[in-house]
**Q** 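I'd like to ask you about the structure that follows.
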Amino acid sequence: MPELPEVETIRKALVPVLEGRRLDRVLARRPDLRRPIPSGFADRLRGRRIVSVKRRAKYLLWTLEDGCTVILHLGMSGRIRVFKGKAPPLETHDHVVFETDDGARICFNDSRRFGLMALADSDRLQDHPLLATLGPEPLGPDFDGDVLAARLKGRRSPIKAALLDQRVVAGIGNIYACEALFHAGISPRRLAATVVGKRADRLAAATRAVLTKAIAKGGASLRDHRQPNGELGYFQHHFAVYGRAGATCPDCDCDAARTGGIRHLVQSGRSTFFCPHRQR
DNA sequence: CTACCATCCTGGTTGC
DNA sequence: TGCAACCAGGATGGTA
């Protein structure tokens, strides 16, 4: 569920809550999520101060003052809620709970338990197995068509599948892959390795633009995503193609009733939406 | 090396 | 209304 814009929305909300604060209470209410919560997780965090809250791909990175970094992934259904002042009772699936020295409570809630928590040495963070193979950040200063084309070189899968591969570009999931391809005018079925030159420029620019706009809207709330204050994200109202099979695409003046409008197909087991008229 | 597939899990939606 | 089947935004490990 949460892709880069949703994770970034959560990160931004956590910065003022966590940075510079000490974790006074840490409670792991079950031993595992997608993988076991590291042994002694709560003990290793309790009493530590958080230096920074950053993001890499869809991972949140909480760096502690003692040289240790918490790596946190929301999986498909993970949510983070922040309560200041009096916190309501814990809810079902509130699997990990943190409390800061100024009385904020941070709940990690994940019904499907596809999320994860891990601990890493801050010194060697980039070498951690979860992070080592990630591709470039699409919102990073160096990301452009040339970088993208280089990552796609030799790839014989459809471009849609390649965009979902975190080793190609980091942080893109099913929704934003569909949206970025639409705005770039590229068919999701196109062979990845043929996205070069101007096409790669357009896709890099479209990816950057759609992610940036989604962050500005607080991400997209289809099912699970909430901002940490409980508010919904609003970018779902700005989808051009995702979940809109049969509708007229926003840039088409063609008649959806005649042309079939936005099409749905399944690629490597995942839903793809696109406009065959606009995307080649 | 790349590509494809099943799989982990719960809950919301759809269709009979 | 009740219930079962199906579907979901991710990542990965095994197999081809």
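Bear in mind that the values here come from a model prediction, so they are computed numbers and not experimental data. Throughout, a chain's letter reflects where its sequence line sits, starting with A, and its residues are numbered from 1.
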**Q** Mind checking whether Leu72(A) and Ile80(A) have side chains closer than 4.5 Å, heavy atoms only?
**A**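 Yes, side chains in contact.
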
**Q** Touch check for Tyr242(A), heavy atoms < 4.0 angstrom, all strands: base, sugar-phosphate only, or nothing?
**A**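 It contacts sugar-phosphate atoms only.
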
**Q** Using the C1' atom on both, measure dA11(C) against dG12(B) and round to a whole Å.
**A** 23 Å

**Q** Rounding to the closest angstrom, what is the interatomic distance between dC9(B) and dC3(C) at atom P?
**A** 25 Å

**Q** Could you tell me the separation between the CG atom of Leu74(A) and the P atom of dC8(B), rounded to a whole number of Å?
**A**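 That distance rounds to 22 Å.
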
**Q** Has Ser271(A) got a side-chain N or O lying under 4.0 Å from the OP1 or OP2 atom of dA8(C)?
**A** yes

**Q** When all nucleic acid strands are considered with a 4.0 Å heavy-atom cut-off, which category describes Leu130(A): base, sugar-phosphate, or nothing?
**A** sugar-phosphate

**Q** Quote, to the nearest angstrom, the P distance that separates dC6(C) from dA6(B).
**A**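 About 14 Å, rounded to a whole number of Å.
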
**Q** Does the ring of Phe114(A) meet both stacking tests against the six-membered base ring of dA11(C): centre distance under 5.5 Å and plane angle under 30°?
**A**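 The ring of Phe114(A) is not stacked on dA11(C).
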
**Q** Does the structure show a Watson-Crick or G-U wobble partner for dT14(B), both distances under 3.5 Å? Name it, or say none.
**A**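 Partner of dT14(B): dA4(C).
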
**Q** Rounded to the nearest Å, what distance is computed from the CD1 atom of residue Ile175(A) to the C1' atom of nucleotide dA8(C)?
**A** 10 Å

**Q** Establish, with yes or no, whether the OP1 or OP2 oxygen of dA11(C) is under 4.0 angstrom from a side-chain nitrogen or oxygen of His73(A).
**A**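 The answer is yes; a side-chain N or O of His73(A) sits under 4.0 Å from OP1 or OP2.
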
**Q** For Ile37(A) and dC8(B), what is the distance between atoms CD1 and P respectively, to the nearest whole Å?
**A** 20 Å

**Q** Ser268(A) near the nucleic acid: base, sugar-phosphate alone, or nothing, with a heavy-atom cut-off under 4.0 Å?
**A**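 No contact.
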
**Q** Given dA3(B), dA8(C), dG9(C), identify the nucleotide with an atom nearest to the side chain of Ser157(A).
**A** dA3(B)

**Q** Rounded off to whole Å, could you give me the CD-to-C1' distance for the Gln267(A) and dG9(C) pair?
**A**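 Computing the Gln267(A):CD to dG9(C):C1' distance gives 16 Å.
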
**Q** Which of these nucleotides, dG9(C), dT12(C), dT10(B), is closest to any side-chain atom of Tyr59(A)?
**A** dT12(C)

**Q** Just checking, is any N or O donor in the side chain of Tyr176(A) or Glu6(A) under 3.5 Å from an acceptor N or O on the other one?
**A** yes

**Q** Strictly below 4.0 Å: does Arg34(A) bring a side-chain N or O up to OP1 or OP2 of dG10(C)?
**A**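 For dG10(C), OP1/OP2 do not have a side-chain N/O of Arg34(A) under 4.0 Å.
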
**Q** Distance criterion of 3.5 Å, no angle test: do you see the side chain of Arg270(A) paired donor-to-acceptor with the base of dG10(C)?
**A**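 Counting by modelled atom types and ignoring angles, a donor-acceptor contact under 3.5 Å is found here.
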
**Q** Do Thr63(A) and Thr69(A) have side-chain N/O donor and acceptor atoms under 3.5 Å apart?
**A**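 Result is yes, a qualifying pair exists.
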
**Q** Phosphate oxygens OP1/OP2 of dG11(B): is one of them under 4.0 Å from a side-chain N or O of His93(A)?
**A**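 Affirmative; the distance criterion is met.
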
**Q** Distance only, no hydrogens: is a donor on one side chain within 3.5 Å (strictly under) of an acceptor on the other, for Gln227(A) and Thr9(A)?
**A** no

**Q** How close or far is atom P of dA6(B) from atom CE of Met76(A), stated in whole angstroms?
**A** 15 Å

**Q** Determine whether Arg199(A) and Asp201(A) satisfy the following criterion, salt bridge (Lys or Arg N to Asp or Glu O under 4.0 Å), listing intermediate values before the conclusion.
**A** CA-CA 5 Å; Arg199(A) 273 199 190 92; Asp201(A) 292 344; over 6 Å; no

**Q** Starting the side chain at C-beta, find the nucleotide from dA11(C), dA3(B), dC9(B) nearest to Arg156(A).
**A** dA3(B)

**Q** Going by atom types only, do Ser77(A) and Asp224(A) share a side-chain donor-acceptor pair under 3.5 Å?
**A** no

**Q** Using whole Å, report how far CZ of Arg167(A) lies from P of dT2(B).
**A** 6 Å

**Q** If you check every side-chain atom of Arg113(A), which of dT10(B), dG9(C), dG10(C) has the closest atom?
**A** dT10(B)

**Q** Both distances under 3.5 Å, Watson-Crick or G-U wobble: report the partner of dC9(B), or none.
**A**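 Pairing partner, where one exists within any strand: none, as none qualifies.
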
**Q** Leu164(A) CG to dT12(C) C1': how many Å, rounded?
**A** 14 Å

**Q** Whole-Å distance between dC7(C) P and Leu265(A) CG?
**A** 15 Å

**Q** Side chains of Ser271(A) and His264(A): any donor to acceptor distance under 3.5 Å?
**A**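 Yes - a donor-acceptor pair under 3.5 Å links their side chains.
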
**Q** Taking only the side-chain nitrogens and oxygens of Gln166(A), find out if one of them lies under 4.0 Å from OP1 or OP2 of dG10(C).
**A**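 For Gln166(A), the contact criterion (side-chain N or O under 4.0 Å from OP1 or OP2 of dG10(C)) is not met.
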
